[in-house]
Amino acid sequence: MSLEAKNARVYDTSDGVEVLDLSKPADDGEKKEEMGPLSGAMDVFSKFGQTKKIKLLRFLGIICSIVSGAVYPIMAFYFSKSFEKLGASTEDSNFLSDITEMVIIFLILGVVGFVFLVWQSTCLEIAASESTADYKIQWFNALLRQDMAYYDIKDVSSQATVVSASAAKYKKGTGRKFGEGIQFTTTVIGGFIYAFYVSWRVSLLILTTVPLMAGSAAFMMTVTTKQTERKNKDYAETGGIVYSTISAVRTVFSLNAAETMIEKFKAATKRSYENSVSFNYLVGFGSGAMMASFLASYIVLTLYGAFLLYKQVDKEGCDPSNTLSNPDFDYFNESCTTVGTEVFGALMGISFGAMGLAQISNAVEAFTGARAACHPALEAINRTVGNDSSKTTDVEAGTEKHRADIALPKYVIDSTSDEGKKPDPASVRGEIVFNNVNFAYPTRHETLVFNGFNLTVEAGKTVALVGPSGSGKSTTVSLVERFYDPTAGSVTLDGVDLRDLNVSWLREQIGLVSQEPQLFARSIRENIAYGMEGATDEDIISAAKSANAHDFIMQFPAGYDTLVGDKGSQLSGGQKQRIAISRILLKNPKILLLDEATSALDSESEYVVQEALDKLLGKGNRTTIVIAHRLSTIRNADMIAVVKDGVVVETGTHSSLLELDSEYAKLVEAQTSKADSKTPSSANLSALPEISDHVLSLGGNGQIEFRDVHFHYPTRPNVKIFKGLNLNIQAGETLALVGPSGGGKSSVISLIERFYDPIEGGVFFEGNDIRDLNIKSYRDQLGYVSQEPTLFNTTIAENIKFGKPDATQDEIEDAARQANAHDFIMSFPNGYDTEVGENATQISGGQKQRIAIARAIIKKPKVLILDEATSALDTESERIVQEAIDRLMQSKNQTIIVIAHRLSTIVGADRIAVIADGVLKEIGSHSELMNKPDGRYKRLVEFQNMTGAEKKSKVKKDDEEEENKLIDTSSHHVAETEEEKQKEKEQSDRAKVLAKDDIGYFFVGAIGAILAGLVFPCWGIVFAFMIELLFRPVFNCDPDDPEFTAPFTQTTYDNYFYLEGFQSCPEYWKSEADAIQDLSLKVMYGWLGLMASTLLGNVLLFYGFGTATERMNKRVRDSIFVALMRQDMAYYDTHPIAKLSAQIEDDAAMMHSFSGEPIRTLTMTSASVLVGLVLSFVYMWPFAAMTLLILPFLSFGAYMEMKMYMGEDEGAEAPKEGEDSAGAIVVETLLSIRTVASLAIQKMRAEEYENALKREDPMSVKTNLLKGAATGLGFLVQLWGMGFMFWWGGWVLQNYGNFTYRAYLISMFSLLFSLSGMSVAFMGATDKAKAKVAADRIFALIDRESPINSISDEGKKFV
């Protein structure tokens, strides 16, 4: 084997996941498509939702989309014609009736649009909802049947979280957005056809501006997409810091790392701020450019349209307005070849088409998102036996870079397949044979874990596997369970190769009990029932009784219906293990695999669980493989096999191996050696003498005293932990804490660390009440190593440095040597720079523990607290680390507090304190306490040495006392106080105070909002003049008719002496043509001014408000995180970690989106609507007054239309909360995939998921009908409102002679365009109620006075 291969050695870990070499540099530059790989376009529809109902709904939705899309070109035609009617003479008897006919057409179009938009949205959304459910179910089922290689190469967390996110993209792309794509494609085609039909010349010219419109829309979409991607990435980073910190808050506090985490968080929010602000100018420019591009088309129309009309009027004297074309009319004049209706119609057709193009872009993007979402789903779905891809791809862009190029092995292990032999279970004997097995994990296929592994486990026998950590013991479990197949050789069951057996059948014959059993966030009853499909209550209770679990279960108020919480968090370790054993007892397997099943338990819990295991072993002729570090637990095994470097080096019974100079004998000797044993020969201990030198340099005394301490946990006020505890821990001594489970040993540690304060009494350090000490300075004096230490998702070196942030590399390596960690660290290709992974999944349990010990050693604390610190280590590692600890104990210059379940490890302690019933029962040295007749400690020692029958009697006697101390799972949430609920007004004022430093940015944003808001009423004014320009009537003047003789003085039209002062008809025609030309130039200047205003306004608006809100967002997020780091453990006890981290991120995002929007919306809306109303009232007050009554309805219609045009959708619903939500089931299942596979409960979990999906969307039809109705109603209201405005304006023109057509146009369009401005201002506006609730929670957290502030500078400090 090459040197490189040796350095890349795979270390077998307790859960069967190998160590990954993360030192490989990531690909430079994210050159992949942002969407990631795409599935085929037809796959989106052909692979999911293939029921007749879905196909019919989709067909009807497409038809409705085509019809609703055709409404817009038709509307463009009638909208253009309406100005002919309104521009006609009010003296005409048909004036109002013609307008009424036009209004009726608008009403009909509104109804047609409403009906078809409703059914378009409803049909397609229902089809999308049901297809998405099928998509989720198919993908989840496919994930459930994947082999473990798939999850080794794919990132499990990404797989678990990406299902819901991808499903939202799939639904968005196949639902309403898909319909809008068809709808607006029809609109584009119809609009362009209409435009070219009425005036191909004008249409061609206007089309030259379409690239500008499309380009600006694409630019805006690109910029906002990139900004959103950056934000999402940054929020994911900050969210990850929040979660990793608060989920390990005890570790963070004990390491005094709160301020380190704050600095890390602030650095992340600073990057987020800088990234987001850098886009503000571009977003503002893009927003303004989109508006300006539409205005550019108006300039083209104005100039070219005026040019066409000018030529005709000047030469022919024809009427460009087409309002005088009735031959029966007294003032009949022939219409021009090109009239205003055609010019304006071309604009409307092209404009509708251009807006449709933007929507098609949105729809294409959504559909592309659906294709991208289908790819990982289909990759899993299509990966079947005989049809599997050879290479994995990223689930999301930018993820799994270190695994992206790893080839998936050939897919042959399908746990849902019916292929393979299924012998009669009664015929199974249970003989397992490993025959010359070679094996390498898929992620490190070049590195062998097994290299010629041979082992025979006889049927019905118990075989124990022992050996150093990383030797391959747990890999045997993975191969027996057929999580993997050997790369060479074979594993057989009763002579049959496991590869020839049905996978599900095989796993049904196997029961696995691991060190950390995985329970699911359901009831105790449901967790046990996973052991056997269709289990009855009697079966469940019987299994629980056999596992010694029934009694403690019945102590809970809800009994078997008690929820165990996430991963069984509401239960103690012993309770979890007994429920897991109940599950296996119910399964009644022929083969039993025990992987360190009792190593994490105290003596009595271990006995109770061991007794349950003994019942399991005794229930039938069962083949058992035991993996154990505690060699005393496997003495009675039929055979013991020592595994080292991937091979079995020796086998035999306990006694036969001890007779030889064997590896096993050395392991036993090491484990039974006393504290004063000789210095180990391992080179890893060469630096051990240096420990004493470190301790000598401390120069402190670590005296701790408990004085009459009374204490209970905040979540269990009725359960008194301490009832007057008095305990004096002398400086430099080693004190061991022992006692029954639940007696308060860990609570002593919690009070010493000042995670909590006593209810009464006090804890004193070196004579000072620790409440009077500076908490940071105090915790610097403490070092803490727990049984299950938390490492952070960074390098090994950085993890060790958490103990001493300014540590040098030499100090880091020195501490690692003392913890026997240096050699295994250096075996990694990247050494101390190796990433440990999320939850330290990339290293074994023993390796993790040694890194944690190194972290505590480098701190050089006065007090070292060890909570079962060596329980996860293999024999050799434990011996060496224990030797280092013993050396520390002997120095007497450091106070050491030890919690130990194995009493043999604390015999050498200076004193041993027995804590029980809330008080100190007895204290003394081992020999002193053993000399006490009927002493508590003596009974504990005797208990560990008792026979099984004696232990059973003892445990039964103590059961009643034990069960009274069960965790109360009935309430773990504290209701908000009334005082917190009464702060609504104060919170609003607080938000203003937070924003005071950004007043300058808000002022700039307000100026921009005013400029952007004024664009809309001013647009109405210019638009009105443009209409007047295009529909300007030119009256009859025939130079050959004797009636028309110069000078003209009498010819009138609507009291207008139109020929007065002209000497000839050509002079009149020239005057009218010049007027058209002059007005066109003025209108052009108006459009240019609006373009400048919208560009400048939007840039200032987004820069000002964007910068201000991002600055405020950073301050708020920083304040939230700092507030979190101030909280005491009582706060975290009463707020579930997962929900807390998600809620904080959501609240911060909500407050961020709300912080600048009220001012932006108010300023922009005020500028738009108020100016529009003023103009409307000034020019035609009767029209404005009546329109004001329907303003709310018009606003709703404009808002709904803008939602559609701006691409907003309801396709991505927020994930449902709750541990039994569909999303939670996916996450929980995939993160516990080995347990699911081992129990063969894929079918049960799939059914639970499907039921959860139905629960979450029980009224899909009604919900989608309402969504469609809202969209259709907006269209209906808008057209009906517009029709009413046309009719009312015509009525006012006819009955109020003092109002002109120009006044009407300005009054109407300034108001209509103001409404558009208001809808734009409200786009994306945050729900005020939700924002207020979010602000309340944030300020409540910030204001919460924590009795134990971990970052406070108050109190006495140590020098």
Side-chain angles (χ1 to χ4, degrees), residues 9 11-12 14 431-439 448-458 460-477 479-480 489 491 593-599 617 623-685 820 823-824 844-846 870-883 902 904-905:
R9 176 155 184 81
Y11 284 84
D12 181 58
S14 59
E431 182 192 52
I432 299 171
V433 177
F434 290 77
N435 182 26
N436 203 28
V437 169
N438 286 8
F439 176 71
L448 292 177
V449 177
F450 284 160
N451 187 11
F453 186 87
N454 290 283
L455 178 68
T456 298
V457 182
E458 296 181 8
K461 302 294 185 179
T462 297
V463 172
L465 303 180
V466 299
S469 178
S471 60
K473 303 186 297 298
S474 292
T475 301
T476 60
V477 171
L479 293 180
V480 171
V491 183
L593 307 175
L594 304 177
D595 191 352
E596 284 291 321
T598 64
S599 67
L617 289 168
T623 302
T624 306
I625 297 176
V626 181
I627 298 173
H629 289 156
R630 296 193 205 177
L631 304 183
S632 60
T633 63
I634 48 95
R635 290 182 177 181
N636 297 325
D638 296 300
M639 184 177 79
I640 296 170
V642 181
V643 182
K644 189 175 182 180
D645 295 330
V647 295
V648 176
V649 295
E650 59 190 29
T651 60
T653 63
H654 172 74
S655 56
S656 66
L657 290 174
L658 284 182
E659 292 174 357
L660 305 172
D661 184 19
S662 63
E663 290 283 340
Y664 178 73
K666 294 176 183 176
L667 293 173
V668 172
E669 180 183 1
Q671 209 165 79
T672 57
S673 64
K674 301 298 181 181
D676 58 351
S677 61
K678 296 180 180 179
T679 302
S681 59
S682 171
N684 293 304
L685 289 179
N820 190 31
D823 283 355
F824 85 76
S844 71
T870 62
S871 64
L873 303 179
D874 62 87
T875 303
E876 181 66 10
S877 297
E878 179 186 20
R879 180 178 68 82
I880 295 173
V881 172
Q882 187 65 49
E883 181 76 21
R902 284 175 278 179
S904 61
T905 63

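If you read the sequence from its start, that first residue is 1, and numbering goes on from there. Heavy-atom basis, side chains included; hydrogens, waters and symmetry copies ignored.
- Val437 places a side-chain heavy atom less than 4.5 Å from the side chain of Val491.
- Rounding to the nearest 0.5 Å gives a distance of 7.5 Å between CD of Glu659 and OG1 of Thr653.
- Considering all non-hydrogen atoms of both residues, Thr651 and Ala641 come closest at CG2-CB, 3.9 Å.
- Across all their heavy atoms, Ala665 and Leu658 have their closest contact at CA-CD2, 4.0 Å.
- Contact detail for Ala628 and Val466: the closest heavy-atom pair is O-CG1, 3.8 Å.
- Remark: Leu657 CG to Lys666 NZ distance equals 13.0 Å, nearest 0.5 Å.
- Without hydrogens or angle criteria, Asp638 side chain to Thr462 main chain gives a donor-acceptor distance under 3.5 Å.
- At least one donor-acceptor pair under 3.5 Å links the side chain of Thr623 to the backbone N or O of Gly460.
- Pairing each heavy atom of Phe450 with each of Thr476, the nearest pair is CZ-CG2, 3.6 Å.
- Between atom CZ of residue Phe434 and atom OG1 of residue Thr456 there is a gap of 10.0 Å, rounded to the nearest 0.5 Å.
- Judged purely by atom type and a 3.5 angstrom limit, Asn451 has no side-chain atom pairing as donor or acceptor with the backbone of Asn438.
- Residue Glu650 places its CD atom among more than 12 non-hydrogen atoms of other residues, nucleotides or ligands, all under 6.0 Å distant.
- Between Ser655 atom OG and Leu660 atom CG the span is 10.0 Å, to the nearest 0.5 Å.
- Of all non-hydrogen atoms in Val642 and Tyr664, the two that sit nearest each other are CG2-CB, 3.8 Å.
- The backbone N or O of Asn436 lies less than 3.5 Å from a partner atom in the side chain of Asn454, making a donor-acceptor pair.
- In this structure a side-chain-to-backbone donor-acceptor pair under 3.5 Å is present from Lys473 to Gly467.
- Contact of the Leu455 side chain with the Leu465 side chain is registered, since non-hydrogen atoms from C-beta on lie closer than 4.5 Å.
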